[in-house]
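A quick note: this is a predicted structure, and the numbers were derived from the prediction, not measured. Numbered from 1 within each chain, the chains take letters A, B, ... in sequence-line order.
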Amino acid sequence: MNTATFSLLTILPAIPEIALLLLVCGVLLLDLFVSERDKHVTFWLAVGSALGVAGLTAATLGNPSVVTFGGLFVADPMSQVLKIGALVAVAMTFIYGRRYLEDRGLMRGEFFSLALFATLGMLVMISANHFLTLYLGLELLALSLYAMVALQRDSARATEAAMKYFVLGALASGMLLYGMSMLYGSTGSLELNRVADAIMRQQANETLAAFGLVFIVAGIAFKLGAVPFHMWVPDIYHGASTPATLFIASAPKIAAFAFVMRLLAHGMEGMIAEWQPMLVMLAVASLALGNLVAIAQTNIKRMLAYSTISHMGFLLLGILSASQIGYSAGMFYVLTYTLTTLGAFGVILLLARSGFEAEELEDFRGLNQRSRWHAFVMLLVVFSLAGIPPTVGFFAKLTVLQAAFDAGFAWLVVFAVLMSVIGAFYYLRVVKLMYMDAPVGEMPLVMRGDARVLLSANAVAVLILGILPAPLLNLCARAIAGSF
Amino acid sequence: MTGFPMLSLVTWLPIAFGLLVLAFGTDKNPTPARWLALVGSVLGFLVSIPLWTGFDLTAGGAMQFREFAPWIPLFNIHYHLGVDGISMPLIVLNSFMTVLVVIAHWEVITEKVSQYLAAFLIMSGLINGTFAALDAILFYVFFEAMLIPMFLIIGVWGGPNRVYAAVKFFLYTLLGSLLMLASFIYLYQQTNGSFEILDYHKLPLTLTAQVLVFLAMFASFAVKVPMWPVHTWLPDAHVEAPTGGSVILAAITLKIGGYGFLRFNMPIAPDASSALSGLVIGLSLVAVVYIGLVALVQSDMKKLIAYSSIAHMGFVTLGFFLFNQDGVLGGLIQMVSHGFVSAAMFLCVGVLYDRVHSRQIADYGGVANTMPVFAAFFVLFAMANAGLPATSGFVGEFLVILGALKVSFWYAIAAGTTLILGAAYSLWMVRRVLYGEIANPNVAALKDVNARELTFLVLLAIGVLGLGIYPRPLSDVMVPTVMQLLDHVTTSKL
């Protein structure tokens, strides 16, 4: 599999990435010839690219794991499922964000081409089998995201957020690279399979590898936004324009999950005993801080940022179980979390209108009186985030808790459970504002028909997956079983 | 095992009607939603009757009307329903109460009517599912999902302090139930991957494990019952909830706590249950005596009934943890009886509140002069609340005291005080509200009950008296299950 000969068979597994690259370039070029009024052409091209590549990936579902490009790239069942998830999330982000972007003059080709480049970065990360590919994908994603945040250039808040994101992100990337270089020094390879082999056979320099691991875990924690590397999350969520926030909050989480799986569950499988306690600490801190601080927020974007931090704590519970059950629980968690977050931001974008952001909690006041259905959508989404059945959030929590219990972390399960009671409080506050308070203004809700339909479908999916989670759970379990 | 999926129908029919009401109800013209809800609730009650008539009394406590289908094969979770002599009467009771709640709301709720009715119908189905579920996760899903409509009912249609009460209710119950979830995960591991409640019953556990499982589940169900000292959410929730909410809370959701003790705590952890029975009995007696005294000094009628509910539920838990047939059977009958009586009391207060918009006892006086028919019913229900013979309240209390006497004379004495305290607070309230001079112009202007109100009062009166005079049909259903349960819990798992 490590032959350097180049043939069609070599590139076949990477067809989705290659197709996306061509499509992005196409979008970038075509956009030059599209007038300001007709930006919806670019928009539909971008949506079509994301969905088309998702369809292309879906055609490969069920194929066994293939390593190609001399060990740089892997297309395995896990990557197929995660890629489809990420691509669909990106397309949904575009549709939700369109009206907001139009209202604020942000409906430009750059937004879509940057977003698609970021998506390409995610796909590369998901399929990486080599430290360099991982890093390449990560940087493509991160650089595009910095620019996306900064795109709103006359907003001081967005610029500040982009600056913070860039500086902190660069620091984290540096740490990651430093850790990778140590592992290279210790194992003599950058390819994940070989690194894993070397560690398993105890041919690696253990001290050096352990040091490398610490840096890598720090880099991972930054990308996930786990405490104590979470500082950027609330500021970026708050500062970026809402569609950019939605973009950052959704698909990249799926990519980050793949990133963690590749590095820890695959590359450093032999060092579980070392990284497990580190993840335990990250999970405990994230669960505690995320939930407690979210209570004090009055801005819903900041609140969701802290809620993300606590959800990453839950995700880590699945990963740190270091078992097939745990990994597939984590995968289920990240996919359903993304779906739910899309719904939450979808409602925020629904409430926003030109010159008005609708990002304070107060703006949700009396939503039930303004639109019963959209209040119900938000209700489902919020209860799913809180993990209350019959929404999908419950099964996501149940599976990770069960995995953590199986791995012997009973105390951690009890701790997580107590923290989610605290978490329920601030989610309830949103419901309270929507249902139990009178509306402040009677402004009509403006949203495009397609976005409304999608938002409804999104909420119904949260409910249906909560009642019938078996297909998705099986899909995740099979994907993990076929990949690890 | 095969046959018509009766329990699914009982569970999903009200939910389907709830969704229909939500979909077709508009705020401007609530009448169609009201009739649709009435049809749904009556149908829901009608389909629950075959559970009673088709119940096999000779089955000896085995689960009946079972339905079994894979739900989440990966985790061995099943859609498994079934009822025994404990859960079946509670399902029928719940379906009956839903009809009353729909009748009771008619002229009272004028805002967001369709959402109100949909919340009740959906909740009714979820409660039936909770009682019928034989899979721990299925049970948990129903049990928790119930919180959402209840939270909205209290928070949207409740009194002035409703938000505080709703949030308190939600968080208290959530904390308990999540701990229970953790114990389910533990049991899943111990049984090598089963979420079947009946498998848990057979699972041998060490005493330490039993105690931990017992406490985790106790946290959940004690909050639900509610037992002293975790009862503080109840008076708040009751006082702020609309009448229908109070009825369902008192008549049904509190019973889920009692049901949980019988279905989970006692059979899964029998040794821990007997080791800790002293604690539970102690807490129950505190509820009976202390909360009884607290009820005595209330100036708000709903609060008074709420505290009296806690005291009566103390009786139920006392009966259960005596571990003899009289006690458990008495506790069960008391649960059903309290369902009727507390519902009736809350509806009576609702009748007054709709006219005067006050729950304060001091705002009334001499109501019997202007509302004689209502007064007759109110007195009857207050008597039943006090446990007067020939009312349903008497049967359960008598059996529990009898059971307590077999265990300890002092338990029986302490439990017996309820007869005095119950009479004191119920009758004293009746005297201050109904009798005496007409205290103020509000009371003078009162009109007696209308046909709609008469309907639910008569239905409840039939229940209260029927159960009090001839409890045999109920006890016949319960006794085999109780015998089997006691057989099981008195056998050590160690």
Side-chain angles (χ1 to χ4, degrees), chain A residues 325 328-329 332 368-369 372-373 375-376 379-380 382-383 386-391 394-395 397-399 401-406 408 410-411 413-425 427-429 431-437 466-478, chain B residues 15 22-23 25-27 70-75 77 79 111-112 114-115 118 122 126 129 137-138 140-148 151-158 162-164 166-167 169-186 188-189 193 195 212 216:
Chain A
I325 304 173
S328 72
F332 183 77
N368 184 37
Q369 253 136 296
R372 272 170 49 174
W373 172 246
F376 184 66
L379 173 94
L380 283 178
V382 163
F383 276 124
I388 309 288
T391 56
F394 165 68
F395 281 104
K397 286 211 163 71
L398 177 68
T399 50
L401 289 178
Q402 203 212 318
F405 200 100
D406 266 353
W411 66 272
V413 170
V414 173
F415 178 78
V417 152
L418 293 177
M419 284 302 138
S420 46
V421 176
I422 296 174
F425 177 74
Y427 295 123
L428 281 185
R429 204 168 48 174
V431 178
K432 176 229 154 202
L433 284 166
M434 292 192 303
Y435 278 87
M436 301 170 196
D437 288 342
I467 296 169
L468 299 168
L472 187 60
L473 278 168
N474 286 337
L475 186 69
C476 292
R478 271 205 308 272
Chain B
I15 297 180
L22 205 56
T26 51
D27 289 342
W71 182 23
I72 305 173
L74 192 64
F75 291 97
I77 299 173
Y79 180 76
E111 264 182 59
K112 302 172 202 152
S114 55
Q115 291 185 346
I122 291 172
L126 294 174
I137 295 299
L138 185 64
Y140 188 83
V141 166
F142 281 127
F143 185 76
E144 281 273 281
M146 222 162 55
L147 287 181
I148 301 176
F151 174 71
L152 293 174
I153 288 167
I154 299 172
V156 178
W157 294 274
R162 57 188 201 268
V163 173
Y164 169 77
V167 171
F169 162 78
F170 194 100
L171 293 181
Y172 259 69
T173 13
L174 184 65
L175 175 63
S177 40
L178 281 170
L179 289 173
M180 177 173 73
L181 183 66
S183 71
F184 285 158
I185 295 175
Y186 169 77
Y188 176 76
Q189 201 190 33
F195 276 118
L212 287 174

- Item | Any donor-acceptor N/O pair, B/R162 side chain to A/M436 backbone, under 3.5 Å | yes

- Message: Using heavy-atom distances under 4.5 Å, tell me whether B/F142 contacts chain A through its side chain, its backbone, both, or neither.
- Response: neither

- Query: For B/S183, is it the side chain, the backbone, both, or neither that has a heavy atom closer than 4.5 Å to a heavy atom of chain A?
  - Reply: neither

- Query: For B/L74 and A/L473, which heavy atoms make the closest approach, and how far apart are they?
  - Reply: CD2-O, 3.6 Å

- If you measure from CZ on B/F75 to CD1 on A/I325, what distance do you get to the nearest 0.5 Å? 7.0 Å

- Task: Flag the pair A/F394 / B/F143 as yes when their ring centroid distance falls below 6.0 Å, and as no otherwise.
- Result: no

- Verdict with reasoning, B/L152 to A/V431, per side chain to side chain contact (heavy atoms under 4.5 Å, CB included): CA-CA 9 Å; B/L152 293 174; A/V431 178; 4.0 Å; yes

- Item | Shortest non-hydrogen contact from A/V421 toward B/L171 | O-CD2, 3.6 Å

- Message: Less than 4.5 Å to any heavy atom of chain B: does that hold for the side chain of A/Y435, its backbone, both, or neither?
- Response: both

- Message: Taking B/Q115's backbone N and O only, do any of them form a donor-acceptor pair with A/R372's side chain (distance below 3.5 Å, no angle check)?
- Response: no

- Query: Of the backbone (N, CA, C, O) and the side chain (C-beta and beyond), which part of B/I137 lies under 4.5 Å from a heavy atom of chain A, both, or neither?
  - Reply: side chain

- Within a strict 4.5 Å, meaning less than it, do heavy atoms of the A/V413 and B/Y186 side chains meet? no

- Message: Which heavy atom of B/L179 sits nearest to which heavy atom of A/V417, and what is that distance?
- Response: N-CG1, 4.2 Å

- Just by distance, do the side chain of B/W71 and the backbone of A/P469 share a donor-acceptor pair under 3.5 Å? no

- Query: What are the two closest non-hydrogen atoms of B/Y140 and A/P389, and how far apart are they?
  - Reply: O-CG, 4.1 Å

- Please examine the side chains of B/F170 and A/I388, heavy atoms only from C-beta on, and report whether any two atoms are closer than 4.5 Å. yes

- Query: How close do B/L174 and A/A424 get, heavy atom to heavy atom, and via which atoms?
  - Reply: CD2-CB, 3.3 Å

